[in-house]
Engineer: 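Okay, handing you the structure first.
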Amino acid sequence: MDKLEVRPLDTPNVINARNRIRLCAAANLFGCVLYIGIQPYFSQPDASWAHLLHIIIEPFVIVASLVDRSILAYLAYVASVFLVCVDGAIVALNIVAVNRCIREPSAYCFERLYESTTWLLIAIWFIVFGVFQGSQLYDLSKQLEAKDITE
């Protein structure tokens, strides 16, 4: 009789990690849609266009959460850390812009304050979900490596 090779079933921890990763990816894609929706209403130059990198990377993260390959999960983890760093840079830029306007209020600064605060909040949204997603991707990659060893 032929021997049928089957990967072991996912444990509840792996299933929960996969679901959390997909939830965070969906939240980040929603943040991109939010950015695209409100961006035409703002006139000041900003660096928040970098949030659109999520549109490229989040589908890869979703695919990595579906596939049973530890290397894909690890690559998605690295991409998620990269996105958190980009979002952190945007937070830093917006904090600088807000601090400058608070110190020297003017009509221009009030508009800048409004826009920079909005971009700051969206960037914080991306960071919160990005950090959580990165931690879950790291856990998933380690769990899939353990699963590869036991096969």
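Position 1 is the first residue of the sequence; numbering continues from there.
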Engineer: Any chain of hydrophobic side-chain contacts (each under 4.5 Å) joining Tyr41 to Trp125?
Structural biologist: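 Hydrophobic grouping puts Tyr41 with Trp125.
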Engineer: Do Val67 and Ile21 land in one hydrophobic cluster if side-chain heavy atoms of ILVMFWY residues count as linked below 4.5 Å?
Structural biologist: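 No, no single cluster joins them.
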Engineer: Keeping Thr118 on the side-chain end and Tyr114 on the backbone end, is there a donor-acceptor pair under 3.5 Å?
Structural biologist: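 Checking the backbone N and O of Tyr114 against the side chain of Thr118, a donor-acceptor pair under 3.5 Å is found.
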Engineer: Test your reading of the model: is there a side-chain donor-acceptor pair from Glu115 to the backbone of Ser43, 3.5 Å cut-off?
Structural biologist: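 Yes, because the side chain of Glu115 sits within donor-acceptor range (under 3.5 Å) of the backbone of Ser43.
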Engineer: Working to the nearest 0.5 angstrom, can you tell me the gap between Glu145 CD and Arg69 CZ?
Structural biologist: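 CZ of Arg69 is found 13.5 Å from CD of Glu145.
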Engineer: So with a 6.0 Å cut-off around OH of Tyr74, is the heavy-atom count from everything else above 12?
Structural biologist: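 No, the 6.0 Å shell around OH holds no more than 12 heavy atoms from other groups.
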Engineer: Could you check Ile102 against Val98 for side-chain contact (heavy atoms from CB on, under 4.5 Å), going step by step and ending with a plain yes or no?
Structural biologist: CA-CA 6 Å; Ile102 289 174; Val98 167; 3.7 Å; yes
Engineer: Restricting to salt bridge (charged side-chain N to carboxylate O under 4.0 Å, His left out), what partner residues turn up for Arg18, sequence neighbours left out?
Structural biologist: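 Per chain and number, Arg18 pairs via salt bridge (charged side-chain N to carboxylate O under 4.0 Å, His left out) with Asp10, Asp68.
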Engineer: State, to 0.1 Å, how close Gly37 and Pro40 come at their nearest heavy-atom pair, and which atoms those are.
Structural biologist: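 Nearest heavy atoms, Gly37 then Pro40: O-CD, 3.7 Å.
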Engineer: With the 4.5 Å side-chain cut-off for hydrophobic clustering, are Ile57 and Trp49 part of the same group?
Structural biologist: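 Hydrophobic grouping puts Ile57 apart from Trp49.
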Engineer: What is the minimum heavy-atom distance between Ala50 and Ile90, and which atoms define it?
Structural biologist: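 Scanning both residues, the minimum pair turns out to be CB-CD1, 3.6 Å.
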Engineer: How far does CD of Gln39 sit from CG of Leu52, to the nearest 0.5 angstrom?
Structural biologist: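 Here the interatomic distance stands at 8.5 Å.
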Engineer: Apply ring pair (Phe, Tyr, Trp, His ring centres under 6.0 Å) to Phe126 and list each qualifying residue two or more places apart in sequence or on a separate chain.
Structural biologist: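 Listed in chain order: His51, His54.
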Engineer: Under the 3.5 angstrom rule, does the side chain of Ser116 hit a backbone N or O of Leu113 as a donor-acceptor pair?
Structural biologist: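 No.
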Engineer: Rounded to the nearest 0.5 Å, how far does CG of Asp87 lie from CD1 of Ile127?
Structural biologist: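 Separation between the atoms: 5.5 Å.
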Engineer: Ring-plane angle category for Phe42 and Trp119, please: parallel below 30°, perpendicular beyond 60°, tilted otherwise.
Structural biologist: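 Geometry flag for Trp119 against Phe42: perpendicular rings.
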Engineer: To the nearest 0.5 angstrom, please state how far the NZ atom of Lys142 sits from the OG atom of Ser70.
Structural biologist: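 Output value for this atom pair is 9.0 Å.
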Engineer: Between Leu34 and Phe129, is there a shared hydrophobic cluster once you connect ILVMFWY residues whose side-chain heavy atoms come closer than 4.5 Å?
Structural biologist: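 In one cluster with Leu34: Phe129, yes.
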Engineer: What verdict does the side-chain contact (heavy atoms from CB on, under 4.5 Å) test give for Ile55 and Ile36, after you've listed the backbone C-alpha separation in whole Å, the side-chain angles of each residue and the deciding distance to 0.1 Å?
Structural biologist: CA-CA 11 Å; Ile55 292 176; Ile36 292 169; 3.8 Å; yes
Engineer: I'd like to know if Leu137 and Phe132 are part of one continuous hydrophobic network [Ile/Leu/Val/Met/Phe/Trp/Tyr, side-chain heavy atoms within less than 4.5 Å].
Structural biologist: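 They do not share one cluster, since no chain of ILVMFWY contacts under 4.5 Å joins Phe132 to Leu137.
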Engineer: Can you measure from CG (Leu23) to CG (Asn16) and round to the nearest 0.5 angstrom?
Structural biologist: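 Nearest 0.5 Å value for the CG-CG distance: 12.0 Å.
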Engineer: Given side-chain contact (heavy atoms from CB on, under 4.5 Å), test Asn94 with Thr117 step by step and report yes or no.
Structural biologist: CA-CA 7 Å; Asn94 285 311; Thr117 304; over 6 Å; no
Engineer: Just to verify, which of Leu53, Val78, Asn28 counts as forming a side chain to side chain contact (heavy atoms under 4.5 Å, CB included) with Leu83?
Structural biologist: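 Exactly one option meets the side chain to side chain contact (heavy atoms under 4.5 Å, CB included) with Leu83, and it is Leu53.
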Engineer: Tell me, do Tyr77 and Leu140 make a side-chain contact under 4.5 Å, heavy atoms counted?
Structural biologist: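 No, their side chains stay 4.5 Å or more apart.
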Engineer: Of all heavy-atom pairs between Gly130 and Ser80, which one has the smallest distance, and what is that distance?
Structural biologist: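 Where Gly130 meets Ser80 most closely, the heavy atoms are O-OG, 3.4 Å.
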Engineer: Would Gln133 and Arg20 satisfy side-chain contact (heavy atoms from CB on, under 4.5 Å), going step by step from the backbone distance to the final call?
Structural biologist: CA-CA 7 Å; Gln133 180 183 46; Arg20 288 185 202 118; over 6 Å; no
Engineer: Looking at side-chain heavy atoms only, is the closest gap between Asn99 and Ile95 below 4.5 Å?
Structural biologist: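 In short, these two side chains touch, coming nearer than 4.5 Å.
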